[in-house]
Amino acid sequence: MDAGARIGRNNLAALRGRGSAAMNESNVSAVVPCRNERNYIETCVRSILAQNPLEVIVADGMSNDGTREILKGITDPRLRIVDNPKQITPAGMNAGICAARGELIAIMGAHQRYAPDYLRRSVEALERTGADNVGGAMFCETDTWLERAIAAAHHSPFSVGGARWHNPDYEGPADTVFGGVYRREVFARIGMFDEQLARNQDDELNFRLICAGGMIWQSPAIRSWYRPRGSLRALFRQYRQYGYWKVRVIRKHRMPASPRHLVPATLYCR
């Protein structure tokens, strides 16, 4: 049994036992894994709270830069803080999911900027399509010419191998989406995020979801923004890590989630 499925089985009781209800933002538990995000966390959390979710759960990786103190200063009963002593993203995601009370689980990032209707549009897409996970493409926010060049590459079909979630205009089935809003029962059915994968844990879980007969849907109405790396060195380091962890996913399942994932495999497989 793989790590994600094992974690899911261990927490099955916590993920079951909730009745169905009409879906809206008040059914959503937003899970935000973070560590040392004092410059971003308050803006992120307040922007999510403004969308009227059931709760925002910040899984804090034992921050030591003042992040926890900033969170404690936000006096909203819907904000909950859970510890992530492992200090890695998938462990934070799993801790937040296990603490969540909502029928829908939104995986959200501390560095991301979300449209004010992000959750509402996500819930609408879930109801309209019957999908298990929905999300939208990310838009780049840039200041320098290098950031603009990196953003252009990010949205180029040639450079990203046809990955649909890089296309902000695409609507339809996808093999993965950034973050995503999941139906809660998905984690009881296929397991949680694999904590042995420091990166690409979302791609791997979505791969398991599709293999189990689930559907992932991308909608251009679900909007978020991010800032690309500001230097070629940082960009190289980022994509080198992505390539390494994609190979780990391929080795785990003995097959790629997409043919484009075989490109980094030629560099790392031994």
Side-chain angles (χ1 to χ4, degrees), residues 4-35 37 41-42 44-62 67-68 70-86 89-110 112 114 116-127 130-135 177 179-193 195 201-202 205-206 209 214 222 224:
R6 182 172 62 253
I7 294 168
R9 178 168 294 184
N10 291 343
N11 293 285
L12 200 56
L15 297 171
R16 288 178 171 166
R18 289 166 172 79
S20 61
M23 289 199 300
N24 53 52
E25 300 96 304
S26 64
N27 298 121
V28 177
S29 293
V31 173
V32 183
C34 84
R35 173 171 165 75
E37 297 286 1
I41 193 63
E42 182 170 6
C44 170
V45 168
R46 291 192 184 280
S47 71
I48 300 172
L49 288 169
Q51 300 186 49
N52 195 34
L54 172 65
E55 59 191 351
V56 176
I57 302 173
V58 177
D60 180 41
M62 319 314 291
T67 294
R68 183 69 68 105
I70 292 171
L71 288 169
K72 289 180 178 178
I74 302 175
T75 56
D76 190 308
R78 294 172 298 165
L79 173 61
R80 301 167 61 199
I81 306 169
V82 298
D83 287 337
N84 172 20
K86 294 182 180 179
T89 299
M93 292 172 172
N94 289 342
I97 292 167
C98 291
R101 298 173 296 188
E103 294 291 337
L104 306 174
I105 308 291
I107 303 298
M108 307 182 81
Q112 212 76 5
Y114 296 93
D117 60 354
Y118 182 90
L119 294 180
R120 177 169 62 85
R121 295 291 190 177
S122 297
V123 172
E124 289 173 353
L126 282 169
E127 287 196 302
D132 299 282
N133 177 24
V134 300
V177 290
V181 178
Y182 294 82
R183 296 180 189 271
R184 184 185 188 89
E185 60 86 20
V186 165
F187 302 103
R189 178 155 52 98
I190 68 169
M192 308 281 271
F193 290 97
E195 295 180 8
Q201 63 279 332
D202 49 350
L205 185 137
N206 285 326
L209 176 56
I222 302 170
S224 66

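The shown structure was predicted, so the numbers you read here are calculated from the model rather than taken from an experiment.
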By salt bridge (Lys or Arg N to Asp or Glu O under 4.0 Å), which residues pair with Arg80, not counting sequence neighbours?
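If we apply the salt bridge (Lys or Arg N to Asp or Glu O under 4.0 Å) test to Arg80, skipping adjacent residues, the hits are Glu55.
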Check whether any side-chain heavy atom of [X] lies under 4.5 Å from a side-chain heavy atom of [Y], and answer yes or no.
| X | Y | value |
| --- | --- | --- |
| Val58 | Leu79 | yes |
| Val32 | Val45 | no |
| Ser122 | Leu126 | no |
| Glu185 | Asp132 | yes |
| Cys34 | Thr67 | yes |
| Cys44 | Glu37 | no |
| Asp202 | Ile107 | no |

Just by distance, do the side chain of [X] and the backbone of [Y] share a donor-acceptor pair under 3.5 Å?
| X | Y | result |
| --- | --- | --- |
| Asp60 | Asp83 | no |
| Tyr114 | Gly109 | yes |
| Arg35 | Met62 | yes |
| Asn94 | Ala91 | no |
| Gln51 | Glu25 | no |

Shortest non-hydrogen contact from [X] to [Y]?
| X | Y | answer |
| --- | --- | --- |
| Ala99 | Val82 | CB-CG1, 4.0 Å |
| Gly92 | Val31 | O-CG1, 4.3 Å |
| Ala30 | Met108 | CB-SD, 3.7 Å |
| Gly135 | Ile222 | O-CD1, 3.7 Å |
| Ile48 | Pro53 | O-CD, 3.2 Å |
| Ser29 | Leu54 | OG-CD2, 4.1 Å |

Could you tell me the separation between the [atom1] atom of [X] and the [atom2] atom of [Y], rounded to the nearest 0.5 Å?
| X | Y | atom1 | atom2 | result |
| --- | --- | --- | --- | --- |
| Leu49 | Arg78 | CG | CZ | 4.5 Å |
| Ile105 | Ile97 | CD1 | CD1 | 6.5 Å |
| Gln201 | Glu195 | CD | CD | 10.0 Å |
| Ser47 | Glu42 | OG | CD | 11.0 Å |
| Asn27 | Arg184 | CG | CZ | 11.5 Å |

Residue of the set Val123, Asp117, Leu119 for which side chain to side chain contact (heavy atoms under 4.5 Å, CB included) holds with Arg121
Asp117
Could you go through the side-chain contact (heavy atoms from CB on, under 4.5 Å) check for Val177 and Val134 one step at a time?
CA-CA 7 Å; Val177 290; Val134 300; over 6 Å; no
Parallel, tilted or perpendicular for Tyr182 and Phe193, by the 30°/60° rule?
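If you compare the ring of Tyr182 with that of Phe193, the planes turn out perpendicular.
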